[in-house]
Amino acid sequence: MRKKQEKDDAKSLTLVEHLTELRKRLIYSSVVLIVSIFVSYSFSEMIVKYIIDIAPNINFVFIAPAELLLSYVKIAVISGFVVSAPFLILQIWIFVSPGLKKKEKRTIATSLFVGGIFFIAGVVFAFLVVLPIMLQFFMGFQIEEIEEMISFSSYLTFVINTLLSFGIIFELPIIMVILTRFRIISVSFIKKNRKYTILIIFIVAAILTPPEVITQILLAVPMILLFEVGVLFASIVERKEKKKKAELDDN
């Protein structure tokens with residue numbers, strides 16, 4: 001009975017330690033995030049002007065008293081998350097990593113690092129290449145009877161959704177590597193269904209972009225290239241896994 005009580009106390013202590021650690025990480029993360037949002041707000045006007053420069057021929061308006069202010073706040077919040085993201089991810093990693101195996105730690109750490117690079121590449125590509133073309137296409141639909149009055153809030157939402165969409169799409173190689181690494185799918189299965197994947201990519205590109213061939217190609221081609229990069233990375237990972245397994249079987 002006494003031994004059972006000691007075991008229960010040890011488990012309770014471990015749970016308390018985990019909750020204390022979680023509380024500490026949440027406090028650190030909240031403080032850094034709030035500070036980042038407030039600092040980002042001071043740069044909101046500069047970011048707004050930079051976003052407007054993408055569409056120099058459009059005169060934006062705001063149709064509600066608080067619309068522009070709320071747009072500034074939205075920019076500050078998103079920028080705050082972006083600026084504090086490395087620290088937030090680090091706090092999550094510090095809390096979660098003790099429960100992971102060495103192999104899992106290496107896979108997740110590498111995926112987070114490379115995934116961050118791919119996400120930034122997707123955002124930059126969308127901002128510099130895709131957005132100007134999409135805006136030019138949409139603004140081509142004008143008639144004299146209808147005057148353009150685009151609210152900045154709707155424009156900001158359009159920009160943010162486009163940037164996030166391309167950032168997520170550029171994560172495709174990392175997702176493929178993770179799925180292969182944990183043996184959810186195999187490289188042979190991916191290669192066998194390559195033609196169907198390419199077909200799906202063109203369908204997705206047609207859905208996400210305006211009904212205009214150039215814009216659809218601008219999205220489909222990078223997605224196909226990312227898919228092929230994912231196949232290459234997944235093949236390397238699978239080859240290494242098979243080599244390690246063969247070495248263990250020999251021993």
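One distance of note links CG of L88 with CG of L26; it measures 10.5 Å at 0.5 Å rounding. Here the CZ atom belonging to R23 is positioned 10.0 Å from the OH atom belonging to Y28, to the nearest 0.5 angstrom. Note that the CG atom of L90 and the CG atom of L112 stand 10.5 Å from one another [nearest 0.5 Å]. To the nearest 0.5 Å, the span separating CE on M46 from CD1 on I51 amounts to 10.5 Å. Note that OH of Y41 is 10.0 Å distant from CD1 of I75, once rounded to the nearest 0.5 Å. The NZ atom of K74 lies 9.0 Å from the CD atom of E67; values are rounded to the nearest 0.5 Å.
Classified by interplanar angle (parallel below 30°, tilted 30° to 60°, perpendicular above 60°), the ring pair F170/F125 is tilted.
Taking each heavy atom of F227 and M176 in turn, the nearest pair found is O-CE, 3.6 Å. Of all the heavy atoms in S235 and V187, the pair that sits closest is OG-CG1, 3.3 Å. When all heavy atoms of L226 and I169 are compared, the pair lying nearest together is CD1-O, 3.8 Å. Across all their heavy atoms, G80 and S40 have their closest contact at N-OG, 3.5 Å.
Around atom CG of D53, more than 12 heavy atoms belonging to other residues, nucleotides or ligands sit under 6.0 Å away. The number of heavy-atom neighbours closer than 6.0 Å to CD of E45, taken from other residues, nucleotides and ligands shown, is 12 or below.
Taking 4.5 Å as the limit, some side-chain heavy atom of R194 sits within range of a side-chain heavy atom of E228. A 4.5 Å side-chain heavy-atom check between T180 and I185 finds at least one atom pair inside the cut-off.
A donor-acceptor pair under 3.5 Å links the side-chain atoms of S42 to the main chain of V39, judged by distance alone. No side-chain donor-acceptor contact under 3.5 Å links E21 to the backbone of F95. S186 contributes a side-chain N or O that, together with a main-chain N or O of F189, makes up a donor-acceptor pair within less than 3.5 Å.
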I would like to know whether F43 and Y50 meet ring-ring contact (aromatic ring centres under 6.0 Å, His included); could you show each step before the answer?
-> CA-CA 11 Å; F43 293 95; Y50 197 63; over 10 Å; no
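Side-chain polar atoms of S151 and S153 form no donor-acceptor pair below 3.5 angstrom.
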